[in-house]
Amino acid sequence: QVQLVESGGGLVQAGGSLNLSCAASGGTFRNYATGWFRQAPGKEREFVAGISGGGGYTLYADSVEDRFTISRDNAMHTSYLQMRSLKAEDTAVYYCARARHAMSRVLVNSDAYDYWGQGTQVTVSL
């Protein structure tokens, strides 16, 4: 059973930075793309960023391009999301997820991911 645990969320002022981590255990990590999603109150869960299993390909939502950086350390079974220049609209619960199929491309729809973490709250104050 794969388990994903996010950490690093918190409260930050607009313009600040936060670094999220997602530690995986209980299954294969390196062959699967991982993604970060977020869900704000009253809104649907949305794709934020994804990275291929080998780390060579990344994809970002337009709203976070040039501000967020996704990376992974397969030896540590961990995915990271560095967030800079945070805005109030970045406030949400952030989730990491593992792709349903090994060696798949990075996909933006949540149905492509079958294991999810419990989420970590990110709050950006004005």
Side-chain angles (χ1 to χ4, degrees):
Q1 182 72 11
V2 175
Q3 290 188 320
L4 302 174
V5 179
E6 302 97 337
S7 61
L11 174 65
V12 64
Q13 288 188 327
S17 300
L18 278 176
N19 296 321
L20 305 184
S21 297
C22 172
S25 62
T28 304
F29 182 73
R30 67 175 59 249
N31 291 337
Y32 292 81
T34 61
W36 285 92
F37 291 74
R38 66 187 181 187
Q39 187 166 19
K43 295 187 177 181
E44 293 187 353
R45 188 172 298 188
E46 64 174 357
F47 174 82
V48 174
I51 187 168
S52 60
Y57 180 78
T58 58
L59 182 66
Y60 297 92
D62 289 344
S63 58
V64 306
E65 187 86 58
D66 298 327
R67 298 189 299 121
F68 289 12
T69 302
I70 189 171
S71 61
R72 64 190 294 158
D73 183 338
N74 284 338
M76 297 297 293
H77 287 208
T78 302
S79 174
Y80 305 96
L81 186 67
Q82 296 176 286
M83 306 185 295
R84 302 178 299 274
S85 302
L86 284 162
K87 306 174 182 179
E89 51 264 43
D90 294 318
T91 294
V93 178
Y94 283 71
Y95 300 89
C96 68
R98 197 197 77 167
R100 187 178 301 275
H101 300 295
M103 309 304 291
S104 68
R105 298 179 294 118
V106 175
L107 298 173
V108 303
N109 53 305
S110 59
D111 289 346
Y113 300 82
D114 57 354
Y115 289 104
W116 294 80
Q118 82 290 348
T120 186
Q121 176 70 47
V122 171
T123 303
V124 183
S125 64
L126 294 172

message = How close do His77 and Gly27 get, counting heavy atoms only, and between which atoms?
response = CE1-O, 4.2 Å
inquiry  = More than 12 heavy atoms of other residues, nucleotides or ligands under 6.0 Å from CZ of Arg105: yes or no?
reply    = no
ask   = Mind checking whether Leu20 and Thr120 have side chains closer than 4.5 Å, heavy atoms only?
value = yes
message = For Gln13, I'd like to know if atom CD has over 12 heavy atoms of other residues, nucleotides or ligands within 6.0 Å.
response = no
Where Leu81 and Ala49 come nearest, the two heavy atoms and their spacing = CD1-CB, 4.1 Å
ask   = Rounded to the nearest 0.5 Å, what separation is found between the OG atom of Ser52 and the CG atom of Asn31?
value = 11.0 Å
Nearest atoms (heavy-atom pairs only) where Leu86 meets Leu18 = CD1-N, 3.8 Å
inquiry  = With a 4.5 Å cut-off on side-chain heavy atoms, are Tyr95 and Glu6 touching?
reply    = yes
remark   = Nearest heavy-atom contact between Trp36 and Cys22 is CZ2-CB, 3.5 Å
ask   = Do the side chains of Ser7 and Ser21 get nearer than 4.5 Å, heavy atoms only?
value = yes
task = Scan for salt bridge (charged side-chain N to carboxylate O under 4.0 Å, His left out) pairs involving residues 63-88, sequence neighbours excluded, and state none if there are none.
result = Arg67-Asp90
Non-hydrogen side-chain atoms of Val122 and Thr91 separated by less than 4.5 Å = no
key: Validation row: Val93, Arg38 side chains within 4.5 angstrom (heavy atoms)   = no
Close side-chain approach of Tyr57 to Val106, heavy-atom, < 4.5 Å = yes
ask   = If Ile, Leu, Val, Met, Phe, Trp and Tyr residues are connected whenever their side-chain heavy atoms lie under 4.5 Å apart, and connections chain through other members, are Val48 and Ile51 in the same group?
value = yes
Closest non-hydrogen atom pair between Ser17 and Ser85, with its separation = OG-N, 4.4 Å
request  = Determine the minimum heavy-atom distance between Ala14 and Leu126, stating which atoms define it.
outcome  = CB-CA, 4.4 Å
Extract all donor-acceptor atom pairs below 3.5 Å that involve side chains of residues 107-117 and protein atoms in other chains or at least two apart in sequence.
unit_1	atom_1	unit_2	atom_2	d
Tyr113	OH	Leu107	O	2.6
Trp116	NE1	Tyr113	O	3.4

task = May I ask you to check if Arg98 and Tyr32 form a cation-pi contact, with NZ or CZ under 6.0 angstrom from the six-membered ring centre and within 45° of the axis?
result = yes
note = The reported gap from CZ in Phe37 to CD in Glu44 (rounded to nearest 0.5 angstrom) is 12.5 Å
query = Counting only N and O atoms by type, is there a donor-acceptor contact under 3.5 Å from the side chain of Ser63 to the main-chain atoms of Ala61?
reply = no
ask   = Do Met83 and Tyr94 come within less than 4.5 Å of each other through their side chains, counting heavy atoms only?
value = yes
key: Gap between atom OH of Tyr80 and atom OG1 of Thr34 - 0.5 Å precision   = 11.5 Å
ask   = Are more than 12 heavy atoms from other residues, nucleotides or ligands located less than 6.0 Å from atom CD of Gln3?
value = no
